[in-house]
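By convention in this document, chain letters (A, B, ...) are assigned in the order of the sequence lines, proteins followed by strands, and residues within each chain are numbered from 1. Only a predicted model underlies this, so the values are computations on that prediction, with no experimental measurement involved.
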Number of protein chains: 2
Amino acid sequence: MPNKKIEELKTALKKKHTIVFMAKCTVKYSGRAEAFLESGERVIMIKPDNTLIIHQPFGNAPVNYMKPGAMHKLIENKKDNTLLLSSTNNSLNEYIEINITKLISLNSAILNDSTKIRIFGTEKDMSDFIYDNPKVISKDFRPVSREEQTKYGFIDVFGYDKNKSLVVIECKRYTAGPTAPQQLRRYIERLAKSKGIKAKNIKGIIAAPKITKNALAMTKELNYEFKSIEPPAYMEKKKDKQNRLKKYF
Amino acid sequence: MPNKKIEELKTALKKKHTIVFMAKCTVKYSGRAEAFLESGERVIMIKPDNTLIIHQPFGNAPVNYMKPGAMHKLIENKKDNTLLLSSTNNSLNEYIEINITKLISLNSAILNDSTKIRIFGTEKDMSDFIYDNPKVISKDFRPVSREEQTKYGFIDVFGYDKNKSLVVIECKRYTAGPTAPQQLRRYIERLAKSKGIKAKNIKGIIAAPKITKNALAMTKELNYEFKSIEPPAYMEKKKDKQNRLKKYF
DNA sequence: ATATAGATCTCGTCA
DNA sequence: TGACGAGGTCTATAT
């Protein structure tokens, strides 16, 4: 490996640049589990906050990583002309060893970026939409709170029907699986206990665009209701995708 | 922006290289949700399988991404000297627009890597450990199967006690939360139904290193049992971390 | 620090 | 292809 590149990498690490390099290497990880990756060519990224990310040339997820706050040490082995990048996170008790046998490319720079991403169409947006438009549940539904995360658990939307019976709504932004009625059941049982009423007198509703067959069976067995509701951002997008996109720039 | 770099990027895209570049850009995403990221300097990676990943210079997770299988188009705007990288995934109905105002660095190469990571210390390893060492549950426990992926759900370990009562064990690698007794409850209720026996005659055990206070309360309320068990890899690691690491290389 | 649940979750696996 | 649960999940939020 060229000494110049190694010096450049050392300097970039010291100066806390954002560093990206391609290298042939093996990887060992030890921490919450243990992981081993045989020799291959990968992309390795190190950030100023000491995040380390290793990507294989396929797939969406990194194959290995260290969370922000690790410490990196670069050790040259002049005998066999290899580099060892050793990363430790003492507080998390995690450890990575990258044994580099070939340095294919290297780039580093100070990147200026302090912006935060804005995301629309989350589950919170969905529960807000239901709170603001209760008629999508039923004309009799009267919401009284959203995101009730304190006493009774994390209830998405909470209210009363025309008979003043309690109504608890669990939102899912995608197809509801078996965990949805499970969650609803847990919230309703807790709520019933704390209010001193019977769980069967609380109405449970799952609001999601779709529900799986099994989840629907469970929902009905527990005497809850499924209400098909699209996430609001998706509805907006359908209506006028281009206008919505333009709004933010 | 230098024409040479733009041509290099175009060629690399065409040749399906693994590409990494740093750029000042804005990002718009529309798909499962909608996301907007104002101008800033980031690392952008494009893989031969058409994965696209955008990293800000901080944090572990990518700020934006497209899954494998997207299509990328590079459009030059010579008027204001900008580049538009437009990515679409038609089958997933997802879309990203990256507006590049500065190209800071660029590297591309064909990376050879066909290896797959091996991970030890997963939940499966834990259920295998319990199956092979049933005495860690109790001296009377007789396991008959592990990882029972049936119509009843996914049961980690399944067996009988000395009275020939059914025993169902749910494993968690980390602190068990409220979802653990919930899951166990679902498996046991389904199993009881299909076997035509009463759910209360099936013994439920949560095996995990720790359990939260609420989860323990739920566990007891449902007449299940919590058994504190360390994940096996962690135990091995404690015993002789160095030996274990050496074994695999 | 712990607890809890969402996520543009991702990924593998099985029917 | 959908369903389902694990994940070295990660991340944000509340206690």
Side-chain angles (χ1 to χ4, degrees), chain A residues 27-36 51 59-68 89 91-96 116-117 119-127 147-151 153-156 170-180 183 186-187 210-215 231 233-234, chain B residues 27 29-35 51 54 59-68 89 91-96 116-127 147 149-151 153-156 170-179 183 186-187 210-215 231 233-234:
Chain A
V27 186
K28 296 186 225 175
Y29 162 80
S30 181
R32 284 167 295 179
E34 315 220 337
F36 304 91
T51 302
N60 183 83
V63 67
N64 273 115
Y65 52 88
M66 291 288 272
K67 287 192 204 169
N89 189 318
S91 57
L92 296 173
N93 193 28
E94 292 187 300
Y95 176 74
I96 267 190
K116 264 200 71 182
I117 196 163
I119 297 176
F120 304 85
T122 61
E123 198 187 87
K124 188 181 179 308
D125 293 331
M126 195 171 163
S127 64
E147 308 254 300
E148 187 76 19
Q149 347 201 356
T150 43
K151 300 170 232 171
F154 297 69
I155 292 172
D156 291 330
E170 174 61 31
C171 299
K172 292 290 166 207
R173 54 184 305 281
Y174 44 88
T175 305
T179 55
Q183 247 179 63
R186 182 157 68 90
Y187 296 154
K210 282 202 291 181
I211 191 165
T212 65
K213 210 181 134 195
N214 279 339
Y234 185 68
Chain B
V27 185
Y29 163 79
S30 180
R32 284 166 293 179
E34 315 221 336
T51 302
I54 306 171
N60 182 84
V63 68
N64 275 115
Y65 55 90
M66 292 287 273
K67 287 190 201 170
N89 188 320
S91 58
L92 296 173
N93 195 26
E94 293 187 299
Y95 179 73
I96 268 191
K116 267 200 70 184
I117 195 164
R118 289 174 296 151
I119 297 175
F120 303 86
T122 61
E123 198 188 86
K124 188 181 178 309
D125 293 329
M126 195 172 164
S127 64
E147 308 253 304
Q149 173 67 81
T150 60
K151 51 188 162 173
F154 192 93
I155 294 170
D156 290 331
E170 172 63 30
C171 299
K172 292 288 166 212
R173 293 187 63 228
Y174 307 115
T175 307
T179 56
Q183 250 179 61
R186 182 158 77 90
Y187 297 154
K210 282 201 291 181
I211 192 164
T212 64
K213 208 180 137 197
N214 280 338
Y234 185 68

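- Taking the side chain of Asn60(B) as heavy atoms from C-beta on, and the options dG6(C), dT8(C), dT11(D), the nearest nucleotide is dT11(D).
- Going from the P atom of dT4(C) to that of dT8(C) covers 23 Å, rounded to whole Å.
- For dA5(C), the base is not stacked against the aromatic ring of Phe154(A), per a cut-off of 5.5 Å between centres and 30° between planes.
- Scanning atom types as modelled, one donor and one acceptor separated by under 3.5 angstrom connect the side chain of Asn64(B) and the base of dT8(C).
- Whole-Å rounding puts the Arg32(B) CZ to dA7(C) P distance at 11 Å.
- In this structure, Tyr174(A) does not reach the dC9(C) phosphate: none of its side-chain N or O atoms is under 4.0 Å from OP1 or OP2.
- The distance between atom CG of Asp156(A) and atom C1' of dA5(C), rounded to the nearest whole Å, is 10 Å.
- Here dG5(D) is the nucleotide among dG5(D), dC11(C), dT9(D) with the atom lying nearest to any side-chain atom of Arg186(B).
- Following rounding to the nearest Å, Leu92(B) (CG) and dA7(C) (P) show an atom-to-atom distance of 18 Å.
- With distances taken from any side-chain atom of Tyr29(B) to the nucleotides dG6(C), dG8(D), dT8(C), the minimum falls on dT8(C).
- The side chain of Lys124(A) places no N or O atom within less than 4.0 Å of a non-bridging phosphate oxygen (OP1 or OP2) of dA12(D).
- Both Thr179(A) and Pro68(A) lie close to DNA chain D; mapped to their nearest nucleotides by heavy-atom distance, the more 5′-ward contact belongs to Thr179(A).
- Atom CD of Glu34(A) and atom C1' of dG7(D) are 16 Å apart (whole Å).
- Looking only at side-chain heavy atoms (C-beta outward), Tyr174(B) and Arg32(A) come within less than 4.5 Å of each other.
- Residues Thr51(B) and Pro68(B) meet the side-chain proximity criterion, which asks for heavy atoms closer than 4.5 Å.
- Note on Lys210(B): nothing from the nucleic acid sits closer than 4.0 angstrom, heavy atoms only.
- Gln183(A) comes within 4.0 angstrom of sugar-phosphate atoms only, judged by non-hydrogen atoms across all strands, and of no base.
- Taking side-chain N and O atoms only, Asn214(A) has a distance below 4.0 Å to OP1 or OP2 of dC4(D).
- Arg173(A) places a side-chain N or O within donor-acceptor distance of the main-chain N or O of Gly121(A), the cut-off being under 3.5 Å.
- Atoms NZ (Lys213(A)) and P (dA15(C)) sit 15 Å apart, rounded to a whole Å.
- Each of dT4(C), dC9(C), dC10(D) was ranked by its minimum atom distance to the side chain of Arg173(A); first place goes to dC9(C).
- The distance from atom CD of Glu123(B) to atom P of dG5(D) is 11 Å, rounded to the nearest whole Å.
- Lys67(B) comes within 4.0 angstrom of sugar-phosphate atoms only, judged by non-hydrogen atoms across all strands, and of no base.
- Side-chain contact check for Thr179(A) versus Thr179(B): every heavy-atom pair is 4.5 Å or farther apart.
- Between Val63(A) and Val27(A) there is no side-chain heavy-atom pair separated by less than 4.5 Å.
- Taking atom CD1 of Ile117(B) as the reference point, atom C1' of dG7(D) lies 12 Å away to the nearest angstrom.
- A sub-4.0 Å separation between OP1 or OP2 of dA6(D) and a side-chain N or O of Lys172(B) is present.
- Rounded to whole Å, atom C1' of dT8(C) lies 13 Å from atom CG of Asp125(A).
- Nearest-nucleotide positions on DNA chain D for Pro178(A) and Ile96(A) put Pro178(A) closer to the 5' end.
- For the atom pair CG of Leu92(B) and CE of Met66(B), the computed distance is 8.0 Å after rounding to the nearest 0.5 Å.
- Phosphate proximity of dA5(C) to Tyr187(A): present, with a side-chain N or O under 4.0 Å from OP1 or OP2.
- Taking atom P in both dG8(D) and dC4(D), the straight-line distance is 22 Å, to the nearest Å.
- Phosphate contact (OP1/OP2 of dG2(D), side-chain N/O of Thr212(A), threshold under 4.0 Å): absent.
- The two residues Ala176(A) and Ala215(A) have their closest heavy-atom pair at O-CB, 3.7 Å.
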